[in-house]
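Just so it is clear: chains get the letters A, B, ... in the order the sequence lines come, proteins before strands, and each one is counted from 1. Only a predicted model underlies this, so the values are computations on that prediction, with no experimental measurement involved.
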Amino acid sequence: MSVTTNNFYGAKGRRKIYHISKVLDENVKKLKSDKIPKDFRPRIDGPSVGWKTFFRQQEAFSYARRKSSDLHVFSFESESLGSETGQRMFLVASYPVFWHYYRQLDQQKKTHYELIPEGSVCKLYFDLEFPKENNRNCDGSTMTDIFIKYVTRWMEEIFKVQCSKEHVLSLDASTEKKFSRHLIFQLKKTAFQDNIHAGNFVKFILQKLKVEINKLKKNLSDVLDFDETSFISKSDNSSDEQTVPCVNRLDSQRRSQEQDKNNHKASKVMDRFTEEELLSMVVRNKNNEETLFCDQGVYTKNRNFRLYQSRKFGKSNPLVISEDNLYIPPKDEVMSYEHLIFNDSLIANIEYSPALRILQFALVCQFSNRLSSGNVEAKTCGKAEDIVEGFTKSPYPEIDNFISSTLKTDSKAGRIRHWTYFSQGELIVYDIVGYRYCHNIEREHKSNNIMLLADLKRGVYYQKCHDPECKYLSYKSPDKSIPKEALPSFYFDESFDEFDEGVDDMDILNAALEMEKTIDDRINENMDKT
DNA sequence: GGTTACGTATGTTCGGC
DNA sequence: CGAACATACGTA
């Protein structure tokens, strides 16, 4: 299959593009065959390279999921007749294919976004911005340095992760009117569970910053006898929705201890900043209201995050490397510097490694509202949090089902408590509860749970576990194969395409029903325990 | 033939007091 | 009356 240029370009550039796409196809073929042993990836055999545009996000995800392998969804703003805003479209390709094609586009046509998939492991990232007009005396570069320092102190305090400005890829899209940057943290062997968790962490540390700044402002107004309204009033009520780093099973007692600990941590972090530094992160937005210059709105599901070298449709300020960026990608003999930067700029481009640390940060009270409705006993935060983790279906429901089916013995049935999906790596890590058979010790563990890893690339799964002994040996059970009907490649045939919507709707409906059932079961379980 | 997700504002329903 | 839920609209 060749790259379809028709949907993506006007008729004009088609000839040129045809040549490019031919070269591309060849490169890609070579790349793929180098990377992947043939017998492991029957579905990738042959000339076919996943590449397709869609009008709907859902269709793009379905396609990428079915073809699996290393495909990712991007979006872009395509020109449409008589519209000053581009029509958003979706595009599925692997990272190398995407780059080879994207890099050759006219600057003007680079209006592309990464789709940070719901539930896939991701980097810590930030969007920093303020209108220059309302912040004449602000120096964005200095503010960014302070902000990075602020974030890294918290990373150290909460996760014991060490990092500094050298680990932060800084991209700039500033104009005369607006300061605008993206920060993408390049942490070795460390990633967030997904962008919601990353967002929880960000919101938590920004909340602490707001509280601290309000204290400073209050002192200031007391001294000066001013009665200024307190800064960022809208979010002040969120102080009742305290956030806590994800610690499983917090009862309310533990929770308040946790909060004390947090307050202690907060002052430990805050003490390392001068008042001036803290206050420097406050700006006025375009309505001239005070706010932080870090945008909190970029941590939503399936968030579109503008790509390196891309601009908003019709604008002329692409994201380029900031002049004060200190991050240098590790040298590579094959890939160009730009290519390396592109790869590192991708938020969900995380390579799986057994040593990868996955950071979680849950809002403890996030779900308690839903459970409450009268029964105060039933809504302790810890339990709510337990329920939150792990019942959403992974991007591969067929594999979920297969994995679940392997957890049954005559006496008991385990279940998937949690999954972690590696967007790049064609790998799903399942945390299992209720079934602890470990191939290493050839019996069940007494107190540690096991995990199952599904390697979609090779079509196999194997078992590892949380037991310290097994972990120390980095024990991994022999591979077992996943039946082909559970693998995405089973649906590889193009003729399935026309059934897309029907199948998806059913899937969604079933998943929804299943999920409700799971929630109900778990609520009941927890009620039983109390 | 064709966006998506979410915050905010505003409207509506419902049950307790 | 207010909480909970529904609908509409604007924004990126």
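- As rounded to whole Å, 15 Å separates atom P of B/dT3 from atom CD of A/Q58.
- Using atom P as the reference point in both B/dG2 and C/dA12, the two lie 24 Å apart (nearest Å).
- Atom CZ of A/R56 is separated from atom P of B/dG1 by 13 Å (rounded to the nearest Å).
- Between A/R88 and B/dG2, a side-chain N or O to OP1/OP2 separation shorter than 4.0 Å is absent.
- With no hydrogens or angles considered, a side-chain donor-acceptor pair links A/Y430 and A/D400 at under 3.5 Å.
- In this entry the distance linking CD of A/E84 with P of C/dA12 reads 13 Å, nearest Å.
- Taking atom CG on A/N285 and atom P on B/dT8, their separation rounds to 12 Å, with Å as the unit.
- Taking atom CD on A/E289 and atom C1' on B/dT8, their separation rounds to 13 Å, with Å as the unit.
- The nearest whole Å value for the distance from the CZ atom in A/R303 to the P atom in C/dT11 is 15 Å.
- Nucleotide B/dA5 holds its P atom 8 Å from the CZ atom of A/F61, rounded to whole Å.
- Of the side-chain N and O atoms in A/Q57, none sit less than 4.0 angstrom from OP1 or OP2 of B/dT3.
- Residue A/S80 comes nearest to A/T85 through the heavy atom pair OG-O, 4.1 Å, listed as atom of the first residue, atom of the second, then distance.
- Residue contacts shown for A/N302 are limited to sugar-phosphate atoms, with no base heavy atom under 4.0 Å away.
- Residue contacts for A/K312: at a heavy-atom cut-off of 4.0 Å it reaches no nucleic acid atom on any strand shown.
- Distance CG (A/N195) to P (B/dC6): 10 Å, rounded to an integer number of Å.
- Between A/L171 and A/I321 there is a side-chain heavy-atom pair separated by less than 4.5 Å.
- Within the structure, every pair that satisfies the ring-ring contact (aromatic ring centres under 6.0 Å, His included) test and touches residues 278-298 of chain A, not counting sequence neighbours, is listed here: A/F147-A/F293.
- Residue A/F55 has its side chain nearest to B/dG2 when only B/dT4, B/dG2, C/dA12 are considered.
- For A/K286, whose side chain is taken as the heavy atoms from C-beta onward, the closest listed nucleotide among B/dC6, C/dA12, B/dG2 is C/dA12.
- Defined by atom type and a distance below 3.5 Å, a donor-acceptor pair is missing between the side-chain atoms of A/Y308 and A/D344.
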